[in-house]
Structure formats: C-alpha cells, structure tokens
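Read through the structure below, which is laid out as structure tokens, and then see the notes.
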Amino acid sequence: MKPMIGITCNIDKTGQAGTVTSMGLPSQAFHLVADDYVRAVENAGGIPVLIPLCGSFETVKALLDRVDGVLLTGGNDVDPTRYGEFIQKEVGQLEPERDEQDLAVARYVVENTQKPLLCICRGIQVLNVALGGTLFQDLGKAGHCDHFVGCSPQTHPVHQVKITPNTLLADIIGAEELAVNSYHHQAVKQLAPGLVAGAVATEDGTIESIELPGERMVLATQWHPEMMYTTPLQQKVFERLVQQAAR
C-alpha cells in the first residue's frame, strides 16, 4: 500500500477565501493548502492526507499516528515571542493557533515517532523554533539580501544554494549546488541544538536548509521545492520522503 503523507494546512479566518471564490460566507473560516504540495506528494508515490487546524491536539496526534510521514507547509510568519524576541514591525500577519499546533506537530514527530518529516518555508522556521532555535524576523533589516522575489514564476530559480557535503540533502540532490526559487523574508538565525545546516545561499550565507542527523529523514528547506516539483532534482526531495515513509 502507498504510504500516507500528512500535509499541514493554513487557515483563513477572514472569510475572504469563501467570498472571493463564492464557496462560502464572510463568517466562515477555511482550511487551505496549495495544490503543489498535494501534487508533489502524489507524483512521488504517496497518498496526500490533509491535517487541518484542530481544536484539540489529541485529534492531531491521532492523525499523526496514522500517517507514515509528515509535511509542514509554508504560510504566516512565526510569532517572535515563541523564540523570546519582541515583535518587529516588519513581521507579517500572525496566526497564534497555527503556531501552537505546528510547533507541537514538529516536536511530536521528532521526539515521539520515527516518521520522516519534511518542512518547507514556514516549516523550516517552525522546526527550528520548536527545537529551541531563533529566526531573523526580517532578512533585509538584518543586512541580508531581499529573499522575497515575488516577481518570478514559482518554477523559476532566482539564486543558488551551496549544499553542505555529507548531509542528507547532499545525498538526495547529488550535487554541490542547487538553483532555487525564493519567497521568504525570514530565515533561521541561531540553529536549534542538534540541527545542522544542509545548505546556505551563495550570495549572503542565509541558511536555506536544515536537518537532524541520523537515519530518519528530518529535513527542512527555506525555498519551495513543491513549486518546482516538475523539476527532477526538486522532486527528489519528495521521492525520498515517500521512500522513507514506505518503510
């Protein structure tokens, strides 16, 4: 049987998702996930299973115990108070309930299971904060390049990352560098204990990938490989996720 991959959802509480699409009312909240995540997992041979924002983490744990692997998706900025910092004005819209659930998901999967975990964009930030690390609240303010290149199509690479030798990412990609897209203004600052950098941006050294050493896949990317899943090298990330989940 194909392995099931749990994919975390965003949530829109404003009612805009329903009213813009004429599928709901202004009073309704909607759980959302980009189609790219679903296609990348399915094309890699997995069964996508959506993990909504639930009222009780016991419900979420029941889902996590049933799936074979987990994918933490992109979305809102992580609340800086979660890593002990005052919120700067550059921080975008926060979603405290999603922070609470995603941080708990990351900790639960890492500490209580042997399931593979892939974290993308916001996901890399969630993983790092969940395990005790910190973030740059805004890369531009911190003196880094502007990493939100919204003018580029999602499949178009805009910069290179240098892959750290002898890491899981190096084993998956099989190359020293990789061309990636870029849609973020925050990034890992202080790595959480036990995590290592799997890749950095060649231009300014921004950490672009982190991982937890070991046989089990715990890997995170700051770029969006799911937006580039039609590119063979990027799809390798999802193929490895599904292969490990199949164990």
Side-chain angles (χ1 to χ4, degrees), residues 34 36 72-94 102 106 118-213 218-229 231 233-234 236-237:
D36 299 312
L72 278 174
T73 63
N76 300 74
D77 289 347
V78 177
D79 185 345
T81 62
R82 299 280 182 172
Y83 47 94
E85 293 189 7
F86 186 80
I87 302 172
Q88 299 173 2
K89 63 182 178 62
E90 290 81 10
V91 173
Q93 184 68 38
L94 301 177
D102 280 3
L118 174 61
C119 310
I120 295 174
C121 196
R122 167 189 160 91
I124 188 176
Q125 298 159 14
V126 167
L127 176 64
N128 193 53
V129 172
L131 301 185
T134 64
L135 306 176
F136 288 113
Q137 294 190 41
D138 184 76
L139 286 170
K141 187 172 182 178
H144 291 242
C145 298
D146 186 352
H147 282 249
F148 192 90
V149 190
C151 60
S152 65
Q154 65 181 45
T155 57
H156 180 64
V158 296
H159 74 92
Q160 298 278 332
V161 298
K162 183 179 181 181
I163 299 175
T164 307
N166 303 314
T167 57
L168 173 62
L169 184 64
D171 183 60
I172 292 172
I173 301 299
E176 295 180 354
E177 290 194 353
L178 181 66
V180 301
N181 55 24
S182 194
Y183 301 106
H184 62 101
H185 81 107
Q186 298 190 326
V188 170
K189 181 166 63 175
Q190 181 65 46
L191 270 170
L195 295 177
V196 299
V200 299
T202 57
E203 294 81 4
D204 61 2
T206 298
I207 294 176
E208 291 275 344
S209 179
I210 61 176
E211 57 188 67
L212 186 65
V218 177
L219 175 68
T221 67
Q222 188 59 76
W223 72 92
H224 285 267
E226 86 287 355
M227 293 184 181
M228 307 176 79
Y229 74 89
T231 305
L233 279 181
Q234 300 287 351
K236 282 185 175 183
V237 174

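Annotation: salt bridge (Lys or Arg N to Asp or Glu O under 4.0 Å) contacts of Asp146 (sequence neighbours excluded): none. Remark: His185 engages no residue in a ring-ring contact (aromatic ring centres under 6.0 Å, His included) (not counting sequence neighbours). In this structure, the side chain to side chain donor-acceptor pair (under 3.5 Å) partners of Glu226, at least two apart in sequence or on a different chain, are Tyr37, His224. Under the salt bridge (Lys or Arg N to Asp or Glu O under 4.0 Å) criterion, Glu177 pairs with no residue at all, not counting sequence neighbours. By the side chain to side chain donor-acceptor pair (under 3.5 Å) test, Asn128 is found to be paired with no residue, residues two or more places apart in sequence or in another chain being considered. Under the ring-ring contact (aromatic ring centres under 6.0 Å, His included) criterion, His147 pairs with His159, His184, sequence neighbours left out. Every side-chain contact (heavy atoms from CB on, under 4.5 Å) that Glu85 has, sequence neighbours left out, goes to Pro80, Tyr83, Thr134, Gln137, Lys189. The side chain to side chain donor-acceptor pair (under 3.5 Å) search around Thr155 returns none, not counting sequence neighbours. Residues passing the side-chain contact (heavy atoms from CB on, under 4.5 Å) test with Ala142 are Phe136, His144, sequence neighbours excluded. Applying the side chain to side chain donor-acceptor pair (under 3.5 Å) criterion to Asn76, with sequence neighbours excluded, gives no partner residue.
Screening residues 120-136 for salt bridge (charged side-chain N to carboxylate O under 4.0 Å, His left out) gives Asp99-Arg122, Asp102-Arg122 as the qualifying pairs, with residues at least two apart or on separate chains. Listed by first then second residue, pairs satisfying salt bridge (charged side-chain N to carboxylate O under 4.0 Å, His left out) with a partner in residues 192-203 number zero, not counting sequence neighbours.
Side-chain atoms of Leu233 and Leu178, non-hydrogen and from C-beta on, do get closer than 4.5 Å to each other.
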#### Entry: side chain to side chain contact (heavy atoms under 4.5 Å, CB included) between Gln186 and Val91, intermediate numbers included
CA-CA 9 Å; Gln186 298 190 326; Val91 173; 3.9 Å; yes
### side chain to side chain contact (heavy atoms under 4.5 Å, CB included) between Val149 and Asn181, worked out
CA-CA 8 Å; Val149 190; Asn181 55 24; over 6 Å; no
### Message
Does Ile172 form a side chain to side chain contact (heavy atoms under 4.5 Å, CB included) with Leu219? I'd like the steps, not just the answer.
### Response
CA-CA 11 Å; Ile172 292 172; Leu219 175 68; 3.8 Å; yes
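For Gln234 (side chain) and Met227 (main-chain N/O), no donor-acceptor pair under 3.5 Å exists by modelled atom type. For the pair Thr221 (side chain) and Trp223 (backbone), a donor-acceptor distance under 3.5 Å is present. Panel note: side chain Thr206, backbone Ala201; no donor-acceptor pair is recorded below 3.5 Å.
Rounding to the nearest 0.5 Å gives a distance of 12.0 Å between CG of Leu72 and SG of Cys121. Residue Ile120 holds its CD1 atom at 9.5 Å from CG of Asp36, rounded to the nearest 0.5 Å. Expressed to the nearest 0.5 Å, how far CG of Asp77 lies from CG of Leu135 amounts to 9.0 Å.
Between Thr164 and Ala199, the shortest heavy-atom contact is OG1-N, 3.9 Å. Across every non-hydrogen atom of Ala106 and Val126, the tightest pair is CB-CG1, 4.2 Å. Nearest approach of Gly194 to Pro213, heavy atoms of both residues: O-CD, 3.2 Å. For the pair Ile163 and Ala175, the tightest heavy-atom approach, listed with the atom from each and the gap, is CD1-O, 3.5 Å.
Around the CD atom of Gln88, the shell of radius 6.0 Å holds more than 12 heavy atoms that belong to other residues, nucleotides or ligands.
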